[in-house]
Amino acid sequence: MSKVEMQSEKSEKKKEWEPKIIAFLCNWCSYAGADLAGVSRIQYPSNIRIVRVPCSGRINPYFIIKSLLRGWDGVVVSGCHPGDCHYVSGNLVARRRFAILQDLLNLFGIEPDRVTFMWSSASEGDRFANLIKKVTKNIKRLGPNKKFESTW
Amino acid sequence: MTEAKKELEKVKKEIIVTGNEKPQVGVYVCHCGVNIGGVVSVPDLVEYAATLPDVAVAREYKFFCSDTGQNIIKEDIQSGLINRVVVAACSPRMHEPTFRLVCKEAGLNQFLFEQANIREHSTWVHMKDPEGAYEAAKDLIKMSVAKARELKPLEVKTVSIEPACLIIGGGIAGMNSALDLATEGYKVYLVEKTPTIGGHMAQLDKTFPTMDCSACILTPRMVDVARNENIELLTYSEVVEVTGYVGNFEATIMKKPHYVDQEACTGCGVCVDYCPVVIGNEFDLDLATRKAIYIPFPQAVPGKYTIDMDHCIKCGICAREDVCEPDAIRYDEEPEYIKVKVGTIIIATGWDLYDPTELKQYGYGRYPNVIDGLQMERLLSSTGPLDGKPARPSDLKAPHSIAFLQCVGSRNFREGGNKYCSRVCCMYATKQARQYKEKHPDADVYIFYMDVRAFGKGYEEFYESATKNYGINYIRGRVAEVREGEDHSIIIRAEDTLLQEPMELKVDMFVLSCGLESRSDAGEVASLVRVQRSADGFFMEAHPKLRPVDTLTEGIFIAGVAQGPKDIPDSVAQAKGAASSAATLMAKGEVEMEPFFAVVRPDRCIGCGMCVENCAYGAIELIDDTRFGKIASINQALCKGCGACSGNCRCSAIDIFGFTGEQIFSIIMEGEL
């Protein structure tokens, strides 16, 4: 079944569907950036659920796959900009890992767009909000993640 | 309240939690005034939280961070009702320390606490979507409870602190921090990029609003710094590497070659008379010249000479015996690298003046009589190129009329502009205008402004006097463009927005009151010490109100304009604050570290060594274990708990305390559905 067919079928089933996206944010840049978006009262879609982790390098690809297996519609991993990692190079380690993961997702038949890897710094509240808007739009386009419904 | 405190003290007992017993979670949903309660229904959230598995109690209160709120949690812990605490409120970056202390004081291990950030991540960002905010808050609480269930008690790790501070930048802020810390008995390494300390303040003539001479208040401090035996002054030096963590930083400092032996040089200055190379003097902003061998200004500290190798032609004259009697010239000097161990770091790197060249409409760089504010300062200065007899650059005659333009490079909301107010320009223009009127009472002085911001102590009075007693004309309006008239005069086209009519004004000199910018190399410094910068490029404080001199990296502080534009009194106040914060940390002798480091499960590890490769701190090595063979071993003293090893472990054999795989899985599994 093509993506388009899946999407149209699902949107017919449930009109009011809102995606749920889990976001792993590094403590030093992205989580602080998300806090800044809050302090600045920048509004973004309420589909995101934020989990604080020390560094994007902490995120084992297994966490992402597990999230998708569990039925989260999208996964975001966000770290410091390259060169600004609080832990020297954790974000670079993460970047390499996720490049490979994207290929693997394809193999599983999961749309790679469900997983977003991004950078946002502690001062980029507006950038964070914009990225979340974009991610939410992408996931809405893909429709609900029911690939592993039988395993729930 | 003290009664209640005493009561709590009496019953206080250690609650022993091994992590194996059934979790009993207490959920505390905070209204935070109307910040949370005004967007979502807190009672509904409490009702929902109470239905979650392992939740023993769920409560609400206006402000859980208040004394009363804290006591509610303490009482539940003390009565044995709960052994895990979840507070659904603001960001843990705000109040995690507060609530950890609550747990600690009530006898519960402080790491059995988890905070659900339903303010910054829900009610503040979904204010216009209360239903969405409610759903988000519900899930965030659910996920926090899921993590709380998996929390294990941890022991804090304490490390000793090196009683020394590295201060980067030797301007008025860095010098004040250095003097305070040195007086308290701490060793200070003061690193300055240029050959002298003093910073931009040394370039100023007088300071507003008291009109005291900048050099008279600055130079004695410079001497104090040089003389203080606890301060190791490293001028013409740069920090090139910083490793380690709070209490135990190691910095590598490059001492750039002066090409003049600083010990041997007596500062006699004979070499300057003989040096044939004449170039623009950056201290006077190219309004005057200097030689290739130079000291930045006569009162420089240390007052020893430096050869500018970018311009030196190596003619060898200065090295002649009859020129340099102490034989101090060293053309082949190499940079020297030294390593220092410090407990804390203060960043006081200062600012750059906004370069107005790109604002072509104002003619800076094109017309000789358009200058910037700092150049005006040098023209007015009694130690400046004109000995305090200001004249216009084209003919060196005193101008009969001067116009100042405010907010050049500040308060500009167009693409690429600096949005912030630079906070000093209104006052320095007023000061310069007054100084000029004092010297030439007949001159016409105009100031084009958007708003006059005279906010500091004595500033409004200073501004008032400028209009009343000095007859300075303040014109509200922006200058559209300027062109050059006859005899290099400047013709200004502007709009007087109070009279609402266009105007044209011919003046002899036009001064652009340029704003302050973060230093061009601020990004490099930020990467070096791993601190954050705000969107405007200045270094970011940990909290804009409560932690204005701290950075998010523990043990690193910021002082002066490096954090954002400010005048001298504010820079000094912040420098003293940063010194005090650094001293507070060092005075304890040791610092508590979050025990969030990596641990290896030997039964799972296959000794592949991937973690060793990924560890940025060299904290992992492969060892031969008698029972498990080759396995990874973590040196917890070096581990920072980033988790790069764990994220890459194909066997899930490495875990990170505080962010274990089980905890994250629990969040993933509970949060959805």
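Letters A, B, ... mirror the listed sequences (proteins, then strands); counts begin at 1. Note: hydrogens, waters and symmetry copies are ignored here, and every other heavy atom, side chains too, is used.
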Backbone N or O of B/Ile656 within a donor-acceptor pair of the B/Ser646 side chain at under 3.5 Å? no

Any donor-acceptor N/O pair, B/Glu120 side chain to B/Ser91 backbone, under 3.5 Å: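 It does hold such a pair.
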
Residues [X], [Y]: salt bridge by 4.0 Å N-O rule:
{"X": "B/Glu96", "Y": "A/Arg52", "result": "yes"}
{"X": "B/Asp139", "Y": "A/Lys20", "result": "yes"}
{"X": "B/Glu662", "Y": "B/Arg149", "result": "no"}

Segment of [X] engaging chain B (4.5 angstrom heavy-atom cut-off):
{"X": "A/Asn91", "answer": "neither"}
{"X": "A/Gln43", "answer": "both"}
{"X": "A/Tyr31", "answer": "both"}
{"X": "A/Ile22", "answer": "side chain"}
{"X": "A/Arg41", "answer": "both"}
{"X": "A/Val51", "answer": "side chain"}
{"X": "A/Cys85", "answer": "backbone"}
{"X": "A/Ala32", "answer": "both"}

Give, as side chain, backbone, both or neither, the part of [X] having an atom under 4.5 angstrom from any heavy atom of chain A.
{"X": "B/Met127", "value": "both"}
{"X": "B/Asn35", "value": "side chain"}
{"X": "B/Phe659", "value": "both"}
{"X": "B/Tyr617", "value": "side chain"}
{"X": "B/Leu552", "value": "both"}
{"X": "B/Glu135", "value": "both"}

For the rings on A/Phe98 and A/Phe117, is their centre-to-centre separation under 6.0 Å?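 Close enough - the centres of the two rings lie under 6.0 Å apart.
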
Between B/Ser534 and A/Ser123, does the side chain to side chain donor-acceptor pair (under 3.5 Å) criterion hold? Intermediate values first, please. CA-CA 5 Å; B/Ser534 355; A/Ser123 63; over 6 Å; no

Counting heavy-atom pairs closer than 4.5 Å to chain B, which one of A/Ala37, A/Ala94, A/Cys55, A/Ala122 comes out on top?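 Of A/Ala37, A/Ala94, A/Cys55, A/Ala122, A/Ala122 has the most heavy-atom pairs under 4.5 Å with chain B.
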
One option among A/Pro61, A/Ser121, A/Ser40, A/Ser67 has the most heavy-atom pairs under 4.5 Å with chain B, and it is A/Ser67

Max heavy-atom pair count under 4.5 Å with chain A, selected residue of B/Ile664, B/Val531, B/Val125: B/Val125

Max heavy-atom pairs within cutoff under 4.5 Å with chain A, candidates B/Leu140, B/Asp129, B/Asn614, B/Asn648, goes to B/Asn648

Mind telling me whether B/Phe597 and B/Phe657 have parallel, tilted or perpendicular rings, with 30° and 60° as the class edges?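 Aromatic pair B/Phe657/B/Phe597 classed tilted.
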
Could you tell me which non-hydrogen atom of B/Cys642 sits nearest to which non-hydrogen atom of A/Pro54, and how far apart they are? O-CG, 3.7 Å

Which atom of B/Ala598 lies closest to which atom of B/Gln636, heavy atoms considered: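 For B/Ala598 versus B/Gln636, the nearest heavy atoms are O-NE2, 4.0 Å.
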
Could you please spell out the steps behind the ring-ring contact (aromatic ring centres under 6.0 Å, His included) verdict for B/His95 and B/Phe113? CA-CA 11 Å; B/His95 272 316; B/Phe113 163 76; over 10 Å; no

